[in-house]
Structure formats: C-alpha cells, structure tokens
**Student:** 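A single structure is presented below for examination.
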Amino acid sequence: MPDKPSLDGLEAKWVDVWDESGVYHFDRTKSRSEIYSIDTPPPTVSGSLHIGHVFSYTHTDTLARFQRMRGKSVFYPMGWDDNGLPTERRVQNYYGVRCDPSVAYDPDFTPPAKPDPKRQVPISRRNFIELCDALTVEDEKVFEDIWRRLGLSVDWRYSYATIDDNARATSQRAFLRNLARGEAYMAEAPTLWDVTFRTAVAQAELEDRERTSAFHKVAFHRDGGESVVIETTRPELLPACVALVAHPDDTRYQELIGRTVRSPVFGVEVPVKAHHLAEPDKGSGIAMICTFGDLADVTWWRELQLPTRPVVGWDGRIVSEPPEAVAAAGGAEAYSRLVGATVHTARERMVELLRESGDLLAEPEPTTRPVKFYEKGDKPLEIVTTRQWYIRNGGRDTSVREALLARGRELDWYPDHMRSRFEHWVEGLNGDWLISRQRFFGVPFPVWYPLDDDGNPDYDSPLLPDESRLPVDPSSDAPEGYTEDQRGRPGGFTGDPDIMDTWATSSLTPQVAGGWERDPDLFERVFPMDLRPQGQDIIRTWLFATVVRAHFEHGSLPWQGTAISGWILDPDRKKMSKSKGNVVTPIDLLEKYSSDAIRYWAASGRLGADTALDEGQMKVGRRLAIKILNASKFALSVAGEDTPADPAAVTEPLDRSMLATLADVVEDATSAFQAYDHTRALERVERFFWEFCDDYLELVKARAYDSASPAAASARAALLIALSALQRLFAPFLPFVADEVWSWWHEGSVHGGSWPDAEEFRAAAREGDPAVLASASEVLRMVRKAKSEAKLSMRAEIERVAVRGKNVNHVRLAGDDLAAAGRAARLDLEATDETELQVEVSLPEAE
RNA sequence: GGGCGGUUAGCUCAGUUGGUUAGAGCGCUACCUUGACACGGUAGAGGUCACAGGUUCGAAUCCUGUAUCGCCCA
C-alpha cells in the first residue's frame, strides 16, 4: 500500500497486468446458460474516435463487468468496421490516390510522397485495396490502444474486421444462402443513384435536405385544343417525359384523361393519365411524369405501366443518345444541345430552349423543397435504371414485414421506448434492401455470369461457388468449370463487379464474431447473443439489418436484448457530429481526468438519454476515484493484521446497522444492473460510499484505533467487510482504481472476483437496524452544523449534546461513538413523542 | 404534417406504484489544515417542478390541451 496513493500511472499499470493475467478471457468451455455474450458495435476506424464512442462503449463495459462478476463467462469481442466508402475516402485523401479499375496492377507502386488531393493518382483496384488494408491496420491499432486505456474488458483474442477473410466468407455464405432461399435477388430497376460516388444507395442511407429550386410553367400542346400547362422544378427532364398525370377527381382535367398531348420543343406525344397520387392543389394540378425525376415518378411509371426514356447517365450528365421517341419526333437536334451537360447546366439550356419556342409561360418562380441526398454525398440523388442485388426486408412483402415487426416485439429494448423507432422504420419501408454498391473496398458478390457467343453476360444463370471456396473474389478467381483465360471472352465468364453494402456485412456481426459455420462449437455457446449495445442513430440500419439476417438464416432473433445509448451533446446542447465540427477527441480528457473519471461521467448517462459533455462530471469522477484510494488506505491501515475480516466479530449495533444499510445498497445496485440501469446502480453505490466516509468512518474512527477492545475489533471487521463490498461495487465503473485498492489486500483481480451478494452482508449485519446509523449521522450533522455556524473547527471540544425524540434509543446505541466523533463531553438523551430528533449543542463559552 | 423523447436550483441531473417541508453534485458564499484525503473537509444560500385546465383528501408524478427543445420519418 503506497504512502500517498495517486491515480497517476494506474492505467498503464493495470492495462498490462490485465493483459498478462487474461482476466477478461472468455471461457469457451462454459455452457450457454453460464455465458453472457455481447455483439459489440464495430466502430468505423476510418473516422477519428470521439467522445461519443467512449460514452456508449463504457455503458457496455459496465454491463460486461457486472455479468462477469456475477459469474458469467463473458463473450465480449471487438470488431472494426473497415470496409466501405469511409475507408475509401480516407485512403484517397491520405495517400492522394483514386481507384481506377481500368489501370493495371503495379506491384512496385508507392504512394506519392506529398499527397495532392486535387491531383489524385489513378491506381488499379488491387493497389487501391492494398492501401486500404494497410491503412486500416494502422487505424485499428490506434483504436485498440484507446479502448484498452479506457479499460474496456474486451477479450482481444476474438477481434475481427469487417474486411477480413472470415467476415468476407461469412458475408458471402449468408448471401448465397439468401439467394438459394429466394431472399436475395437481382433486379433491373430504377435506383437511387449518387452521381459523385457513382453508386446505388439504399433507403436507409438517404436524407432529405432543403434546396432552393424554381417552378417552371411549361406548355404542352394538343391539336385543336388549348395547351396544357404543367409546373415543374426539373425542366431538363422534359425529353424523359412519358406522360402527364392528374387526380382522377380533378374536374379540370377530366376530358383530357385518356388523350395525348405533345411535349414542347421535342414534340413527343405523351398520354394523360389519372392517378390518386397527383396533387390537385399543387401547381396547376397536372404534372409531367419523367423517367425519373423522383420516387413518385417511379411509382407512376410502375403502376401506370409507362415506357422508359432515360436521359440522365451514371455520371449525372445527359446521355448522348436521345430516347427513341424524341428522335422519332424530330427532337434530336434540340436534344443535342443538352448532351453531356450536368443536370444543372442542362436545366439552364432547357430553359433557353423553352424560351425560344415560347413554351415557358412565366419567369421561373423560386421555391424551396426537400431533396433526397445520399447521407455522405453532396449532390442530389438521381434515379437511374440499373441492375442491382436486393435482400427482402418486408418493404414490399406484408408477411415478411409482419414477421420482422414480431421480432421487434420479441426483443428486449433498453430503454423500452426505442422499440417504436424500429417499428416506424419497418412500417415505412417502401422497397427491399438494395445491397450492391458500385465501389471497390468491400466484400465482393460471390457471383460470375457466363458470357454468350457475343460476349454478353447471361444474368439469369449466375455461376456460384461452393461454400467451401469462400471467400472468393470473382475479379481474380475463376468460377468452377472455367479457367482464368476465359475471363471476358465469348463463351467464357465475367465476375460480378460490385461489392456489398457495408451493412450487408455489419448485419452479420453475431455470425462473424460467433464463428457461424466456422466454429460451430463456439457459435452454439454464444448465439443468439445476450446483448446488442448500440447508438440510436443506427436502429434502422444496423439493428434492423441484423434482425433481418438472423430471421432468415436462423429463424430467431440475433440477440435477446438491445441497449441503446443516447447522443453526446456539446456544452451548447448540440449533437456532436463530424459535420458540425464540434467533435471532442477523448485522449486529452483521459489524460486530464484519468480513465476512471471519464468512465464515471459516461456511466452517469442513462441508456437512451442524450447527455451533455460535462467536464464537471469528470472532475467529480476524479474526486471519487481519489476518495476511494484514501478511504481504502485508511480502513486497511486501521484494520492492520485483522484481515481477513471475521463477520462474527461485528457485534456493535452501529457496525451492524452500517452493514444492514450496505446490504440494501447491494440489493438495489444488483437489481438495477439486472434491469440494465447502470446509472441507478452507480448512484446508489456512490451515495452510500460518501455517507460511509463522512459519517460512519468519522463515527468509528476513535473506537477502531482503540486496538484492545472487542468493540474495536467489531469496527475493524465491519470496515473491512464494507470496504470489500465497495471496491467490488465500484469495479464495473472505475476498474482501475478498484483493482488498485483491491490489490492492496488481495491476490488476483477484483474483476475476476464475485459481485457482492446482499445476503452475505445481511448475515454479517445480524438484524442490524439501518436506523441506528441514520440517527447517529443525523445528530452528527447537527453537531457539525453548530460548529460550522459558530465558525469553530470540527475538532473543537463541546460541553454537551442533548437529543430528544421518539427514536432516541437508536442514538443511544451509538452514543459513545457519537460523543467521540463530536468531541462532546456529555451526551444527554431524552425519549419524547417528537418524531423528529431535536438536537441541542452546548458550545464552549466564548473566550 | 406524423411519430418518439425531453422541459425540476445559475449549470448537469435524480425523483420508484400519486403521500409530510422536492433531492444530489458542480458552481457560488462562509468556515475548518481534525491522527485516509487541501487532488481535502464541514456548513449555508439557491426552486411558482415550462404553461393552462382537469381527476384526487392530496399531483413534479395521472389525464387533456398549449408552448418549447432535440431526434426520426414524410
């Protein structure tokens, strides 16, 4: 035991000790009922770690430590989410390169010494992926160091990365099984498309942003009748117009429905249709349907069975060939003025064309409206018809939707109200889950297509690998029955060029970490897992997708419960996020206050509750940690060679009262933890600890020093018993300081020890009455108050303390201790009917 | 527009199934260096529980409405 205990250096010391002792190692010989398994969120390593991560991971760690001390073998692996677009972007910026699949592999490639983000060097896909692999390894090291320093009780032997062989094999296997059962399918369909990243995106990745645009009044014509005026914010899509649409009840357009009109400039005949989604009070009440301007166009196109006239290409520019109908109507020349232009420029040119033809009936009228964006993109999404892979998720299938909603009800949610986010998301799905991405760093689809004699792929007869070959890379591996030299040749094959959406891998973390089909013995012991901890922002993505995959593959939930952490708000109560630029990195705070102090702050935030970044709380945590050091030192130094404590030695009513109070605290903390309310557990333990220090320690101090008497032995035994409980109760929250003070008088880690059992303390208390300590504390407080008001030292001698009241007998049981702690020469007690204790303090005569 | 959650002391938050005078910490003020702790201790001041109705013997707590903040979805 050090003379002057300190928090400095505890992290470095204990991180190493824990690592060497393997105290957090998962014991895989245990049976399922003896195991607590956690499906840890793999953080995205391409971003910097911020204080919000520390917050939610600490929540999980307190639960893991509680379960471990309860005797469970805790399966608590850590993963890294390194596949996907965020890593690609980081590699591009970090090395100053970009992936160009048409470039050949250069085995000697070295990245530019001085990366120039404006002039990224085009490199082959394979070189690019090598750089991704290299950089993620570095990033993961940084993350792991911080996690260790924060004291996460992870078993690092089970770490995984979402791009590693196991994750790729698992993703491909699950996909092949989905495909075999018809849960995955390929379709050529209108797809939300990001023109910057040139990839399809899924519904879960969308966000609406307000954008300014303008209504353009445009005239369509008909022979022998008045022209029809529509209003559109996207005149550049006029060559893609396939129909006009009005509401069936709109009397203004009744006689038009079923006839045709002619588009301005291009002269294409298009039908006028009726559909209930047309909004009569919007604009002129009649709209043009283009392929495709927005999701309503897609609905109309599908339900009214209209033709397709695509004009926007994968790069967001107007395609070179006009739609056949435009060419046939003689609009090719006008169209040629739009070719190659971005959507924005094409709009300006189209307005010019309309002005020239006299079909723009008014000046464009500015407006703002929500526009769909890819959450990581900065250009509006276009809708492009492409061939993509999907997984069913209930978006267009009522029975799947009902089954998934039932899974949501089956899952335990902490806090419970988070379930509604899941339900609303599932109810609002409007299509299946699009899982293919036209990107590079990710899990490839394990699929090839045979080429016919003209070299065209036959998408209807995909070639699939045997599961034993996984993971495969169809861009470098050949399908069974083919050789590599048949790649791209007529009669040969071609690999599917796409990769899976990150979530298509992340949705399998229980399977990846749990050893599904790789280590069946492990999988059977940990799956379905006990807990999925995560943030509220990814309920619709990660949580939902994981439920979908487990539902299809295993016919079960992936876990029994989910613990949802809130946001971290900056001191101005704004959500902390990279885009707002208010992100705080944890490392400085960890250094300034200690890991335990940061954990204390994090553990003070309830599940589901947004929590402000509050350095004040960290300061409190630091003070608490120091107090634990000092109180432990005191109790141990007083107890001397009396360790281990003998419960039978606890005879004094005050000591028994304290242990009875402690038993209640243990009971409360235990049930709070079992209800996933770590905050309540901490609060109860902490409150008791301060009362223990301020009142109980002061009361028994003098008696405990008087080494000869049995009353002293009682105090010393009670001190040690309480200390043992407190150190263990704090262990999930403040693991460093808890193990430090534990090590002063025990072999082995407190984290491998047992969670206190209320009954043990109840027995040691031997029917002690909590009221004794409470009453003595109350009187002691009154004595202090009198001294404080008289501006006297707490050490000042006083002549007499008189206590009256109903419960004066409680005070009597601690009378000697009270007199000693208050330095009172006399303690007079008088039983009366008063419910409140009346305390009179006779101070010494003023000099 | 729909949904979810919040609104309690200057700040950050507790407040169990409705039950005496609404609690804690920080900050502030005063005092105290007492044999674990000055990286400390003790005490004090500080609140119309967002607002308006209602139910009840009794409401921070239950009901209705309003305001306001955050998030999600249209």
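Convention: sequence-line order gives letters A, B, ...; per-chain numbering from 1.
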**Student:** With a 4.0 Å cut-off on heavy atoms, is A/Q536 in touch with a base, just the backbone sugar-phosphate, or nothing at all?
**Tutor:**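 No contact.
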
**Student:** Touch check for A/L697, heavy atoms < 4.0 angstrom, all strands: base, sugar-phosphate only, or nothing?
**Tutor:**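 Answer is base: heavy atoms of A/L697 come under 4.0 Å of a base.
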
**Student:** Mind checking A/R622 for me? I need base, sugar-phosphate or nothing, with any heavy atom below 4.0 Å counting as a touch.
**Tutor:** base

**Student:** For the pair A/K787 (side chain) and A/G822 (backbone), establish whether a donor and an acceptor sit closer than 3.5 Å, ignoring hydrogens and angles.
**Tutor:**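 Yes; judged by distance alone, with no hydrogens or angles, the pair exists.
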
**Student:** Can you tell me if the side-chain N/O atoms of A/K701 get under 4.0 Å from OP1 or OP2 in B/A36?
**Tutor:**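 For A/K701, the contact criterion (side-chain N or O under 4.0 Å from OP1 or OP2 of B/A36) is met.
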
**Student:** Checking A/Y696 now: which residues fulfil ring-ring contact (aromatic ring centres under 6.0 Å, His included) with it, not counting sequence neighbours?
**Tutor:**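 A/F692.
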
**Student:** Looking at A/D655 and A/R703, is any side-chain nitrogen of the basic one under 4.0 Å from a carboxylate oxygen of the acidic one?
**Tutor:**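 Looking at A/R703 and A/D655, the cut-off is met.
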
**Student:** Quick one: label A/W690 by what it contacts on the DNA or RNA (base, sugar-phosphate, nothing), any heavy atom closer than 4.0 Å.
**Tutor:** sugar-phosphate

**Student:** Quick one: label A/K592 by what it contacts on the DNA or RNA (base, sugar-phosphate, nothing), any heavy atom closer than 4.0 Å.
**Tutor:**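 Result for A/K592 = nothing.
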
**Student:** Treating primed atoms plus P, OP1 and OP2 as sugar-phosphate and everything else as base, which nucleotides of nucleotides 16-25 of chain B get B, S or - for protein heavy atoms under 4.0 Å?
**Tutor:** B--------S

**Student:** How is the base pairing of RNA chain B summarised as a dot-bracket string, given the Watson-Crick and G-U wobble criteria with both distances under 3.5 Å, [ ] for crossing and | for another strand?
**Tutor:** (((((((..((((.....[...)))).(((((.......))))).....(((((..]....)))))))))))).

**Student:** Do the side-chain N or O atoms of A/K627 get closer than 4.0 angstrom to the phosphate oxygens (OP1, OP2) of B/G41?
**Tutor:**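 Affirmative; the distance criterion is met.
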
